[in-house]
Asks: 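Sharing a structure, written as structure tokens. Questions coming.
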2 protein chains.
Amino acid sequence: MGTKERRLRDFAEREQRFLTAARELIVQDGLLNLQMSRVAEKCDYAVGTLYQHFVSKEDLLLALATDQSQGRVQMFERVRDWKASSRDRMLGFALADMMLARRCPDHFRLLQFTFTEVVWGAAPEARRQACMDMHRPLRQATLDVIDDALRSGELQARGLSIEQICLAPWALAVGLHAIVHHEGLLEQYSIREPYQLMLRHLSDLLNGMDWKPLADTSDTAAYDELAARFSREVMNEDLDL
Amino acid sequence: MGTKERRLRDFAEREQRFLTAARELIVQDGLLNLQMSRVAEKCDYAVGTLYQHFVSKEDLLLALATDQSQGRVQMFERVRDWKASSRDRMLGFALADMMLARRCPDHFRLLQFTFTEVVWGAAPEARRQACMDMHRPLRQATLDVIDDALRSGELQARGLSIEQICLAPWALAVGLHAIVHHEGLLEQYSIREPYQLMLRHLSDLLNGMDWKPLADTSDTAAYDELAARFSREVMNEDLDL
DNA sequence: ATCGTTTTTTGAATCTCATTCAGTATGCGC
DNA sequence: GCGCATACTGAATGAGATTCAAAAAACGAT
């Protein structure tokens, strides 16, 4: 019976349309002004139909954040499989985020908001689980690279687990995204290229962890070169720092 | 004319009572369930009176976050003035945050929420400004320590401004707070003592920046010792890691 | 102390959405 | 074409933030 399958496919398709509409509305009017009825209207459906997909607004937001993360996950996996040193791949994760942040800064803002107690706590358990599941490979990619580094001897565990090691670059990245997307903050402190700076700080951190080969972190040309290689070999695109 | 002054004092006092009530309600029922009418009721005032102080819920939340930051600012200033190496003082900032996070984890959750586009963008400009003003000395304390380090030669700028250097530990801290306060996340990855780990990662970062004197970051006893000294000399209290 | 004026407080009414659900339509097997 | 099941609809509901006209309190001059 193919009927049921088609139904399911249609349903999934419609869900995507809702998510796309929501994304567009957020870009247009800001997260602040997102209204459920507008999302439904934009897709020419009644609100009730929208609520067949998402039991609440928080549910929708978390679903959107999860959906948007797909691209990021894929990027991270490509970075993991990149033919580059473990160290360069760690920087590669940061480069991937840089690209993404350029392409759609709203994604990180949404992520920040949905991870807030208010939204996360109000979303249904199933959706939270789905969000975690979506992010698992992203995290795994990072852990894999750390594991590679340990195995190859480029990095010493010094008593830490892979997860514990991972916390450092992870926190650095999360923090930077939060700071960057908090409008008006960085301008005030006259920091122009936060993500470029981020590469350097991450590199300093890796040096501090004694992650071989150690780098001269003040060599800005090296970052440009790495970025160029990254866009060529990972993105097949141009990325101007 | 003392009347006007007294009015102002009373007004400010009442504002504090509203903020305290809000804080208590948040602790009790969670940020999610905070209601303006409850805050007013708890103080035996009508909602309208509450709205004389805060033009919106967002305004109240941001005011609360700002108010709660006072203690943190004072701590940071005490750390800056601590008779310790610039490096230890940087770790001291992290220790101060650790204490605060223990005492009232809600503070960081609230901060995270208010810095979200949705709240920040909906709060009135004046309140945003007040929040920034409150945080300025906090940031300044960090910048001062970095400046000390540069002057004493414990740290080399290597082409970066003080603000740019500051971004690294700042992002690390913000990121860690965000991760820690996102419930259910760390447990999943079996990280038990994130803040303790944080000290080590921060220390690694400082090593990577070549911040003298370089430390053996795997020497956990050293952190305990530092923490003990911190509680004795900065807090005059006991802090168990 | 009394009165007119100004300021503050009040809380019921209003308004804005998110959310629901009784009614309607549509699809499907017979 | 019929009857059942499933999906869709959007007006009605509900929760809670916000407003504002009326009431009360504070003030200050007489």
Side-chain angles (χ1 to χ4, degrees), chain A residues 1-19 21-22 25-26 28-64 113-114 116 118-124 127, chain B residues 1-15 17-19 21-22 25-26 28-64 113-114 118-124 127:
Chain A
M1 169 134 338
T3 307
K4 195 154 199 179
E5 275 184 13
R6 178 175 51 75
R7 278 274 179 80
L8 249 59
R9 194 155 26 78
D10 286 355
F11 193 79
E13 227 170 71
R14 192 170 60 184
E15 188 150 313
Q16 275 306 317
R17 252 182 292 142
F18 279 137
L19 291 175
L25 284 172
I26 289 173
Q28 196 179 98
D29 308 328
L31 194 47
L32 191 54
N33 302 307
L34 185 72
Q35 281 173 232
M36 293 301 269
S37 56
R38 293 263 184 80
V39 175
E41 191 182 23
K42 181 151 188 173
C43 299
D44 294 312
Y45 279 104
V47 264
T49 308
L50 180 57
Y51 274 87
Q52 296 224 309
H53 293 262
F54 312 101
V55 303
S56 69
K57 190 175 178 179
E58 287 78 16
D59 192 17
L60 168 66
L61 287 176
L62 193 48
L64 181 55
F113 184 55
T114 51
T116 262
V118 174
V119 178
W120 186 261
R127 191 68 71 179
Chain B
M1 165 127 351
T3 306
K4 195 155 198 178
E5 274 184 13
R6 178 175 51 75
R7 279 273 179 80
L8 248 58
R9 196 154 27 77
D10 286 355
F11 193 78
E13 229 170 69
R14 191 172 59 185
E15 188 149 315
R17 251 182 294 142
F18 279 137
L19 290 176
L25 284 172
I26 289 173
Q28 197 181 101
D29 309 328
L31 193 47
L32 191 56
N33 302 307
L34 186 72
Q35 280 174 232
M36 294 301 270
S37 55
R38 293 264 183 81
V39 176
E41 192 182 21
K42 180 153 189 170
C43 298
D44 295 311
Y45 279 104
V47 266
T49 308
L50 180 57
Y51 274 88
Q52 295 227 307
H53 293 263
F54 313 103
V55 303
S56 68
K57 190 175 179 178
E58 287 77 17
D59 191 16
L60 168 66
L61 287 176
L62 193 48
L64 181 56
F113 184 55
T114 50
V118 174
V119 178
W120 186 260
R127 190 69 70 179

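On a predicted model such as this, the values are computed, not experimentally measured, just so you know. Letters go in sequence order (proteins before strands), and every chain restarts at 1.
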Asks: For DNA chain C, whose closest nucleotide is more 5', that of A/Ser56 or that of B/Thr49?
Replies: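 Final value for this comparison: B/Thr49.
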
Asks: Taking the side chain as every heavy atom from C-beta outward, state whether A/Tyr45 and A/Leu50 have any atom pair closer than 4.5 Å.
Replies: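 No - every pair of side-chain heavy atoms lies 4.5 Å or more apart.
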
Asks: So, is B/Ser37 near the phosphate of D/dG16, with a side-chain N or O under 4.0 Å from OP1 or OP2?
Replies: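 Checking B/Ser37 against D/dG16: no side-chain N or O falls below 4.0 Å of OP1 or OP2.
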
Asks: So, OP1 or OP2 of D/dC8: does either fall under 4.0 Å of a side-chain N or O from A/Gln52?
Replies: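 A/Gln52 to D/dC8 OP1/OP2: side-chain N or O found under 4.0 Å.
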
Asks: Please state whether the phosphate of C/dT9, meaning OP1 or OP2, lies under 4.0 angstrom from any side-chain nitrogen or oxygen of B/Arg14.
Replies: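 Indeed, a polar side-chain atom of B/Arg14 lies that close.
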
Asks: Output the rounded distance in Å from CD (A/Glu41) to P (D/dA11).
Replies: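 In whole Å, D/dA11 P and A/Glu41 CD are 12 Å from each other.
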
Asks: Which nucleotide sits closest to the side chain of A/Val47: D/dT19, C/dA18, D/dA11?
Replies: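 Given the options D/dT19, C/dA18, D/dA11, the side chain of A/Val47 is closest to D/dA11.
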
Asks: Rounded off to whole Å, could you give me the CG-to-C1' distance for the B/Asp10 and D/dA26 pair?
Replies: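 Distance, rounded to whole Å: 12 Å.
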
Asks: Using atom CD of A/Glu58 as one end and atom C1' of D/dA15 as the other, report the distance to the nearest whole Å.
Replies: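 That distance rounds to 13 Å.
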
Asks: Starting at the 5' end of DNA chain C and moving along, which residue's nearest nucleotide shows up first, B/Gly48 or A/Arg38?
Replies: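 Looking at the nearest nucleotide for each, B/Gly48 comes out on the 5' side.
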
Asks: Parallel, tilted or perpendicular for B/Phe18 and B/His53, by the 30°/60° rule?
Replies: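 Taking B/His53 first and then B/Phe18, their aromatic rings stand perpendicular (interplane angle over 60°).
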
Asks: Could you check whether any side-chain heavy atom of A/Leu19 comes within less than 4.5 Å of a side-chain heavy atom of A/Gln16, counting everything from C-beta outward?
Replies: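 A/Leu19 vs A/Gln16: side chains touch.
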
Asks: Taking atom C1' of C/dC17 as reference, at what distance in whole Å does atom NZ of A/Lys57 sit?
Replies: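 Between C1' of C/dC17 and NZ of A/Lys57: 8 Å.
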
Asks: Rounding to a whole Å, what distance do you find between A/Leu50:CG and C/dC17:C1'?
Replies: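 Interatomic distance, CG of A/Leu50 to C1' of C/dC17: 13 Å.
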
Asks: Whole Å only: how far is the NE2 atom of A/His53 from the C1' atom of D/dA7?
Replies: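 Interatomic distance, NE2 of A/His53 to C1' of D/dA7: 10 Å.
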
Asks: Contact between A/Glu58 and A/Leu61 at the side-chain level, heavy atoms closer than 4.5 Å - yes or no?
Replies: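 No, too far: nothing below the 4.5 Å cut-off.
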
Asks: Can you tell me which nucleotide in C/dG11, D/dT9, D/dT18 comes closest to the side chain of A/Ala46?
Replies: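 Given the options C/dG11, D/dT9, D/dT18, the side chain of A/Ala46 is closest to D/dT9.
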
Asks: May I ask you to say what B/Leu34 touches in the nucleic acid, namely base, sugar-phosphate or nothing, with a heavy-atom cut-off under 4.0 Å?
Replies: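 Touches sugar-phosphate only.
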
Asks: Which listed nucleotide (C/dC17, D/dT9, D/dA26) is nearest to the side chain of B/Arg7?
Replies: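 Given the options C/dC17, D/dT9, D/dA26, the side chain of B/Arg7 is closest to D/dA26.
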
Asks: Please check if the number of heavy atoms outside A/Arg14 that lie under 6.0 Å from its CZ is greater than 12.
Replies: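 Yes, CZ of A/Arg14 has more than 12 neighbouring heavy atoms, counting only those of other groups under 6.0 Å.
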
Asks: Quickly work out the B/Phe54 CZ to D/dT19 P distance and round it to whole Å.
Replies: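 Spelled out: CZ on B/Phe54 to P on D/dT19 is 15 Å.
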
Asks: Return the value, rounded to whole Å, for the distance between atom CZ of A/Phe11 and atom P of C/dG27.
Replies: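 That distance rounds to 17 Å.
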
